[in-house]
Amino acid sequence: MRKEIPSKYDPSIVEDKWYSYWMENKYFHSEVDHTKEPFTIVIPPPNVTGVLHMGHMLNNTIQDVLTRRARMQGFNACWVPGTDHASIATEAKVVRKLRAEGIKKSDLSREEFLEHAWDWTRKHGGIILEQLKKLGASCDWDRTSFTMDPKYYDSVIDVFIDLFNKEKIYRGARMINWDPSALTALSDEEVIHKEVNSKLYHVRYQIVDSDEYVTIATTRPETILGDTAVCINPKDERYTHLHGKKALVPLLNREVPIILDDYVDMEFGTGCLKVTPAHDMNDYDLGEKHGLESINMMNPNGTISEEGELYVGMDRFAVRKQISKDLEESGNLVLVEDYKNKVGYSERTDVVIEPRLSLQWWLSMKELSQPALENVMNDNIQFHPPKFKNTYRHWMENVRDWCISRQLWWGQRIPAYYYGEGDNDFVVAKTIDKALIAAQKKSGNPDLQASDLKQDEDVLDTWFSSWLWPISVFDGFYTKEEVNYYYPTNDLVTAPEIMFFWVARMIIAGYEYRGELPFRNVYYTGIVRDKQGRKMSKSLGNSPDPLDLIAQYGADGIRMGMLFSTPAGNDLPFDSSICEQGSKFSNKIWNAFRFLTMNMEEGVQYNPTVEINPDSLVDRWLLARINQTVKEVDEDFKNYKLNDALKKVYSLIWDDYCDWYIELAKPDNYGDKFDTQKMNVALGMFEQLMKLLHPFMPFISEEIWQYIQDRNPEEALCVSDWPEFNEADLDLTAITNFNMLKRQITAARNIRAEANLSPKVELDIKVKPGSGTDAEVYSENEIYFRKLFLTGSYEVDAGLTPPPASGSSIIENAELFIPLDDHLDFEKERERIQKEIDRFEGFLKGVNGKLNNANFVNNAPDSVVQNERNKKRDGEANLEKLREQLKDFE
RNA sequence: GGGCGAUUAGCUCAGUUGGUUUAGAGCACCUCGUUUACACCGAGGGGGUCGGGGGUUCGAGUCCCUCAUCGCCCACCA
């Protein structure tokens with residue numbers, strides 16, 4: 001090889017180069033292949049018109065790490081990308097854009113509007129997917145899916161019809177959450193409750209035929225217009241005399257009954273409640289129970305309707321102000337107090353939702369969700385971290401019916417066809433032809449024509465399509481080969497915020513339509529926050545542009561930075577310094593490799609190998625460390641502790657390989673090159689490191705991999721094999737012995753530093769080895785001291801007398817002395833030894849305390865007791881040595 | 001209002017079923033240093049008694065109780 005390599009690593013060039021190469025060679029593409037086991041991940045589809053934000057960066061980095069490792073492990077890895085049509089969000093954007101052009105949605109036909117929506121989607125759709133390529137995402141782009149693709153659309157409609165036929169879907173008038181801005185119903189999950197500072201208005205209602213008043217309290221005085229009763233608790237003795245009376249609604253002077261219901265909390269306010277059945281969930285129930293009139297005093301857009309009689313056409317919040325003035329003038333406003341309460345806001349439009357009675361389509365959830373609950377609780381589907389099981393269970397046990405219809409145009413249109421005015425005069429069918437046949441039959445009218453049928457205007461909730469994602473992205477919704485092969489998927493990586501919107505519902509759909517779980521593991525990421533702990537968001541403007549970050553630090557740098565500090569489920573306090581750490585790491589790796597190339601001989605063909613020199617302790621140690629790391633990293637992956645895995649790879653490369661292995665591999669004399677065999681091993685080890693690194697930092701690892709040897713396309717790192725743990729290479733003795741030398745060398749350096757001696761001053765080393773094989777290890781590896789510590793004479797002798805005026809250390813049971821003569825600070829050294837003695841004495845006191853305690857010796861396991869005895873033995877031995885040493889300083 | 005989870009060095013986090021030295025890592029910090037890759041570096045170092053209190057145990061950061069603080073989820077108290 002011996003290619004010239006640049007002295008600086010430039011991620012922007014390297015990353016584009018390899019991404020193109022990977023794409024050209026179709027490494028990310030997967031086809032059904034029954035000789036290989038599939039590994040499947042479906043991307044949480046971002047909104048089709050969305051742009052990449054930091055949350056996506058984190059989330060997709062994790063998916064890519066999992067996918068790349070699986071690919072290297074030999075699985076048929078398939079990461080399916082795609083986008084969500086995001087019904088309400090996209091429609092809102094299109095409406096806004098049209099409005100800016102002076103076009104109102106209401107001026108357009110459904111078809112015209114949808115044409116605009118498709119234009120918008122074509123123009124902005126998929127930008128986010130292009131951005132993901134910059135991150136290195138190894139998605140199978142040939143499989144890019146969209147929830148409005150024809151085949152996907154069909155599957156959604158099929159499921160609707162199927163659930164309707166199973167009587168799981170029904171149509172009914174209920175109180176729903178109404179978004180007065182988007183003009184649509186919302187599911188409970190789409191309502192965000194926020195605590196706000198509001199006012200509690202105390203308003204008095206006159207009792208009919210009396211001078212007496214009752215006072216009610218409300219936070220929404222405008223709803224007085226819809227009042228049809230006042231309610232008190234029958235047990236409330238203060239109001240017994242009002243039983244059967246009527247009250248006058250202020251301003252309107254409408255007579256309404258005073259009803260009795262123990263729903264009313266006597267402790268709250270005055271114990272009197274105004275009842276507005278059309279505009280409050282509870283009041284609706286009261287109205288049903290007591291047969292009250294229901295006055296719909298508000299238009300869909302939040303203005304007062306004709307039925308409200310007063311303030312007609314005014315906005316609800318303007319009316320709130322005005323009515324409180326008017327009530328005050330009429331003398332009915334008793335008190336206004338500050339009040340904190342929770343108000344529901346639309347998740348998408350952020351306007352205050354209005355409870356509203358409305359005819360909508362519903363999905364019965366109770367039965368459907370049973371298997372979904374059980375299979376998470378019994379860990380058939382594993383949540384990482386598992387604490388989210390509790391949250392999940394709580395929701396699933398209290399699941400309520402799902403309002404699935406939306407008064408929007410962008411989405412899958414509900415396949416219901418009406419042939420009459422009655423609530424039941426409809427049929428559900430896939431096509432109008434089928435609908436006609438069914439309608440003729442149901443209505444008993446054979447003369448019905450297709451033109452007599454009117455399709456439901458509403459579309460389905462976005463989540464009613466995305467809950468099929470792990471199934472419908474593949475061909476053959478019900479039975480065909482492809483979905484059978486790839487489903488169930490392996491891992492889902494997503495945010496806990498959409499556990500109910502999406503995760504729970506995918507599990508439900510999975511069991512209903514595949515009879516099986518949709519994925520085996522769910523990895524919940526945290527929220528990416530800024531330094532002040534605020535969630536990064538576009539509206540706050542506190543999020544860096546991911547593409548700028550990539551340009552600055554390289555995708556590898558950001559990937560590493562993010563992964564380094566976020567265990568599953570933990571928030572990521574993002575700061576660009578973590579990316580800096582990532583790019584520093586790239587630089588370190590690059591320079592380590594560059595150093596090797598600088599030590600190659602001209603014209604030599606190197607053959608990287610892991611066949612080490614068995615006589616070399618450092619070789620045996622590094623091979624063992626690599627194997628140890630492979631084992632630990634595999635274990636971390638099994639537990640979805642990606643950050644721990646990365647930290648271990650980081651430390652293996654930086655600490656073990658660069659700081660110790662390379663330092664010891666350096667030729668003895670300046671200008672000398674590595675001998676061939678040594679270089680082959682150094683490169684072979686480097687290859688192993690690049691394999692371990694590749695899932696985390698795919699670009700630099702591939703770059704170096706390709707430099708190490710000339711490779712054919714099928715030998716690219718991203719399709720090479722993941723290192724396998726090899727028990728035989730896990731030489732624990734080598735690790736123990738080498739660690740002992742490392743610690744002793746560090747101690748020697750410390751002695752030099754404490755004596756203020758320059759690294760250029762040659763110092764003698766005298767080792768008095770301890771037990772076991774220490775003597776051999778020290779005498780055989782003199783060279784390590786010489787390389788890492790400017791060593792004069794080197795002596796290993798079990799019988800040596802401690803030289804005078806020496807700095808010393810004890811590692812395990814081996815003593816090391818460095819004669820320092822005048823450079824030794826006698827007083828300081830005496831204190832150091834004394835401190836050590838104190839430390840050991842304290843330590844031994846604890847150990848002896850245990851060993852002298854009969855309860856401990858009798859109750860603790862033998863191994864624990866034995867361990868304490870060993871500690872005592874070693875501690876006492878070392879204490880003895882220290883006391884000897886101290887004598888020289890007295 | 002109900003439920004869940006957290007609280008370990010300045011910061012971000014490890015710490016497996018209670019028992020390897022008197023609690024670890026990375027970053028940050030301090031000192032020294034341009035020695036044959038890398039100052040985006042090297043060598044060395046300081047720093048926590050594990051939120052407070054109580055309990056169980058021969059032994060607790062690790063189990064139990066309690067208090068405090070923070071976070072998350074759910075919920076129709078006007």
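Order of the sequence lines sets the chain letters (A, B, ...), proteins ahead of strands, with each chain counted from 1.
- For A/Thr391, the listed nucleotide lying nearest its side chain is B/rC73; candidates were B/rU20, B/rC4, B/rC73.
- On the P atoms, B/rC72 is 45 Å away from B/rC32, given to the nearest whole Å.
- Across the C1' atoms, B/rC29 and B/rG47 are found 9 Å apart, a figure rounded to whole Å.
- Proximity of A/Arg174 to A/Asp401: side-chain heavy atoms (C-beta onward) are separated by under 4.5 Å at one or more points.
- Which of B/rG2, B/rG5, B/rG19 sits closest to the side chain of A/His394 comes down to B/rG2.
- Which of B/rC58, B/rA78, B/rC73 sits closest to the side chain of A/Tyr339 comes down to B/rA78.
- Only the P atoms considered, B/rU35 is 15 Å distant from B/rA43, to the nearest whole Å.
- Nearest to the side chain of A/Pro567, among B/rG19, B/rA14, B/rC73, sits B/rA14.
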ring-ring contact (aromatic ring centres under 6.0 Å, His included) between A/Tyr650 and A/Phe564: does it pass, once the steps are laid out? CA-CA 10 Å; A/Tyr650 176 83; A/Phe564 219 68; 5.0 Å; yes
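- Rounded to the nearest Å, the gap between the C1' atom of B/rU7 and that of B/rC13 is 13 Å.
- A straight line from CG of A/Leu200 to C1' of B/rA78 spans 8 Å, rounded to a whole angstrom.
- A/Gln866 and A/Ser863 share no donor-acceptor pair across their side chains, judged by distance under 3.5 Å alone.
- Here B/rG19 is the nucleotide among B/rG15, B/rC73, B/rG19 with the atom lying nearest to any side-chain atom of A/Val864.
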Can you give one letter per nucleotide of nucleotides 33-46 of chain B, going 5' to 3': B for a protein heavy atom under 4.0 Å from the base, S for sugar-phosphate only, - for none? ---BBB-BSSSSS-
Let me check I have this right: for RNA chain B, each base becomes ., (, ), [, ] or |, based on Watson-Crick or G-U pairs with both distances under 3.5 Å. What is the full string? (((((((..((((.....[....)))).(((((.......))))).....(((((..]....))))))))))))....
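- Contact annotation: the side chain of A/Leu335 never approaches that of A/Thr215 to less than 4.5 Å [non-hydrogen atoms, C-beta and beyond].
- The CG-P distance, from A/Asn848 to B/rG19, rounds to 21 Å in whole Å.
- The salt bridge (Lys or Arg N to Asp or Glu O under 4.0 Å) analysis of residues 383-400 of chain A, with sequence neighbours excluded, yields the pairs A/Asp188-A/Arg400, A/Asp379-A/Lys389.
- Side-chain contact between A/Lys742 and A/Asp659 is absent, with no heavy atoms from C-beta onward closer than 4.5 Å.
- Checked by atom type, the side-chain pair A/Tyr263/A/Asp285 shows no donor-acceptor distance below 3.5 Å.
- Here, B/rA28 and B/rC40 have their P atoms 12 Å apart, quoted to the whole Å.
- Ranked by how close their nearest RNA chain B nucleotide is to the 5' end, A/Leu844 and A/Asn853 are led by A/Leu844.
- A straight line from CZ of A/Arg869 to P of B/rC58 spans 18 Å, rounded to a whole angstrom.
- Between B/rG61 and B/rG18, the distance separating the two C1' atoms is 10 Å to the nearest Å.
- The separation of B/rG51 from B/rG44, taken at their C1' atoms, amounts to 34 Å, rounded to a whole angstrom.
- The interatomic distance linking A/Asn867 (CG) with B/rG59 (C1') rounds to 14 Å, in whole Å.
- A donor-acceptor contact closer than 3.5 angstrom is absent between the side chains of A/Asn599 and A/Lys673.
- For the pair A/Asn855 CG and B/rG18 C1', the interatomic distance rounds to 17 Å; values are reported in whole Å.
- Between A/Gln866 atom CD and B/rU20 atom C1' there is a gap of 13 Å when expressed in whole angstrom units.
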